[in-house]
Amino acid sequence: MIVKKEKRSTMKMLRIPGSMLILLLSFLALSLSTSVPLAWATAGTITEFPVPTAGSNPGGVTLGPDGKMWFTEQSGNKIGRITISGTITEFPVPTGFGGPFGITSGPDGNLWFNEYQGNQIGRITISGVITEFALPSNCGVSFGCQPFGITSGPDGNLWFTENFGSKIGRITTSGVITEFAVPSVNSFPFGITAGPDGNLWFAERNGNQIGRITTSSVITEFGLTCPVFCGPAFITAGPDGNLWFAESPGNNIGRITTSGVITEFPVPTASSTPLGIASGRGDKVWFTESGGNKIGRISTR
């Protein structure tokens, strides 16, 4: 196991501004639209659909197995579904103030999401039936371990990050949860994605590292090289067989090979705060600049 210690901030609890999440949601919707050509859409035309619940603060979004888009409503405490024609249906999360954020399609034909404030993982069927699975502990604090990013793994399970708990979690489609401590304490794992090598890769926002966990739970950490604090946020598998991630305070886009070699590319706009990141068409990776109010694109080859 490779563990590299870095100077860490004393961040206690992560809060993402609503404006930043709205920008991220818009970007993710854009990345999906650029990946799948739609016959009814004209290139560059944006259509907006108001969420029925005012001030719901939509966060994560994903394509569901039913061909509809599913999203989380953090402040509204609901899971939303929108059809291609823009019809939105909302499903309340049973636990009050659950704070759903990350969401992904599971291998079982359901949608899975994190309850950031509820300290739970949720499952919703395409007909809207929600089941919640409590994390084994609350990490010793009233607000819990704060599960954040979530993705489907190559092993048929769902994998997620525990932001405050500094753990990587695995949940089976039947709801059995296992947690794995990240070697670096107070690392605040953030985004997570399945890699091309059959492993899961995650960003340690406060640990200033990129982590890799095998499906047998072996964790390896790779330190970043920013002079002060890189703060990696979201991470995605690139079209070039590498992993790409956004460094918010570091103002870089990073690339890490599956063998752990890291290269960082400065974003031209100073203090742009890159946050969300996703693969697009061809050899391009797209990212949000939440501080610069821009969308960025980087070539991977």
Side-chain angles (χ1 to χ4, degrees), residues 1-17 21 57 59-60 72 74-75 77 93-104 112-123 130-151 153 157-172 174-192 200-221 223-224 229-235 248-249:
M1 182 181 294
I2 301 172
V3 179
K4 182 172 180 179
K5 304 288 184 179
E6 298 285 350
K7 183 178 179 180
R8 303 179 181 87
S9 77
T10 56
M11 178 169 58
K12 297 296 184 183
M13 183 176 178
L14 181 67
R15 295 294 181 196
I16 304 297
L21 290 170
N57 196 13
T72 56
Q74 292 183 97
S75 299
N77 203 46
V93 172
T95 297
F97 305 106
F101 181 69
I103 187 169
T104 190
W112 291 77
F113 59 94
N114 294 330
E115 293 184 34
Y116 186 71
Q117 294 170 294
N119 205 46
Q120 300 181 120
I121 301 299
R123 179 185 67 204
I130 295 177
T131 306
E132 298 170 296
F133 304 94
L135 268 60
S137 72
N138 66 355
C139 296
V141 290
S142 60
F143 49 80
C145 301
Q146 297 182 330
F148 197 76
I150 188 167
T151 190
N157 298 311
L158 290 302
W159 292 76
F160 59 94
T161 57
E162 294 183 22
N163 191 249
F164 192 83
S166 290
K167 299 175 185 177
I168 302 300
R170 180 187 66 206
I171 183 169
T172 67
S174 60
V176 178
I177 295 175
T178 308
E179 299 170 299
F180 309 99
V182 175
S184 295
V185 297
N186 298 323
S187 62
F188 285 68
F190 201 89
I192 187 169
L200 290 303
W201 291 76
F202 57 94
E204 298 180 31
R205 190 166 176 80
N206 210 38
N208 220 37
Q209 302 177 121
I210 298 299
R212 179 185 67 205
I213 183 169
T214 68
T215 54
S216 58
S217 76
V218 178
I219 296 177
T220 307
E221 297 173 293
L224 302 178
F229 180 62
C230 299
F234 287 97
I235 185 168
S248 296

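In this chain, residues are counted from 1 in sequence order. Computed over heavy atoms, backbone and side chain alike; hydrogens, waters and symmetry mates excluded.
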Interatomic spacing from CZ in F113 to CD in E132 - rounded to 0.5 Å: 6.0 Å

Pairs involving residues 206-215, ordered by first then second residue, that meet salt bridge (charged side-chain N to carboxylate O under 4.0 Å, His left out) (sequence neighbours left out): none

I168 CD1 to W201 CH2 distance, which is reported to the nearest 0.5 Å: 12.5 Å

Closest heavy-atom pair and its distance - F229, R205: CZ-O, 3.0 Å

Beyond-backbone contact of F160 with I177, side-chain heavy atoms, under 4.5 angstrom: yes

side-chain contact (heavy atoms from CB on, under 4.5 Å) between E162 and S137, intermediate numbers included: CA-CA 11 Å; E162 294 183 22; S137 72; 5.7 Å; no

Side-chain (S248) to main-chain (A233) donor-acceptor, under 3.5 angstrom: no

Closest contact, heavy atoms only, L200 versus G153: CD1-CA, 4.2 Å

I210 and I235: CA distance, side-chain angles, deciding distance, side-chain contact (heavy atoms from CB on, under 4.5 Å) verdict: CA-CA 9 Å; I210 298 299; I235 185 168; 4.1 Å; yes

From CA spacing to verdict: side-chain contact (heavy atoms from CB on, under 4.5 Å), F202, I219: CA-CA 10 Å; F202 57 94; I219 296 177; 4.1 Å; yes

Closest heavy-atom pair and its distance - Q120, A134: CG-CA, 3.8 Å

Distance in Å, F180 CZ paired with S216 OG, rounded so as to fall on 0.5 Å steps: 9.0 Å

Shortest non-hydrogen separation from I150 to I103 and the atoms involved: CG2-N, 3.7 Å

Close side-chain approach of N119 to P147, heavy-atom, < 4.5 Å: yes

Gap separating the CZ atom of F97 from the CD atom of E115, nearest 0.5 angstrom: 13.0 Å

Heavy-atom side-chain proximity of S166 to P189 below 4.5 angstrom: yes

Flag, side chain of T72 to backbone of G102, donor-acceptor distance under 3.5 Å: no

Intermediate values then yes/no, side-chain contact (heavy atoms from CB on, under 4.5 Å), N77 and Q117: CA-CA 10 Å; N77 203 46; Q117 294 170 294; over 6 Å; no

F143, F190, F148 screened by ring pair (Phe, Tyr, Trp, His ring centres under 6.0 Å) with F164, the one that passes: F143

Note, Q146 side chain near V141 side chain (heavy atom, < 4.5 Å): no

Donor-acceptor contact below 3.5 Å, side chain N206 vs main chain F188: no

Spacing of N157 atom CG and T178 atom OG1 [to the nearest 0.5 Å]: 8.5 Å

S184 side, atom OG; E221 side, atom CD - distance, nearest 0.5 Å: 3.5 Å

N208 and P232, any side-chain heavy atoms less than 4.5 Å apart: yes

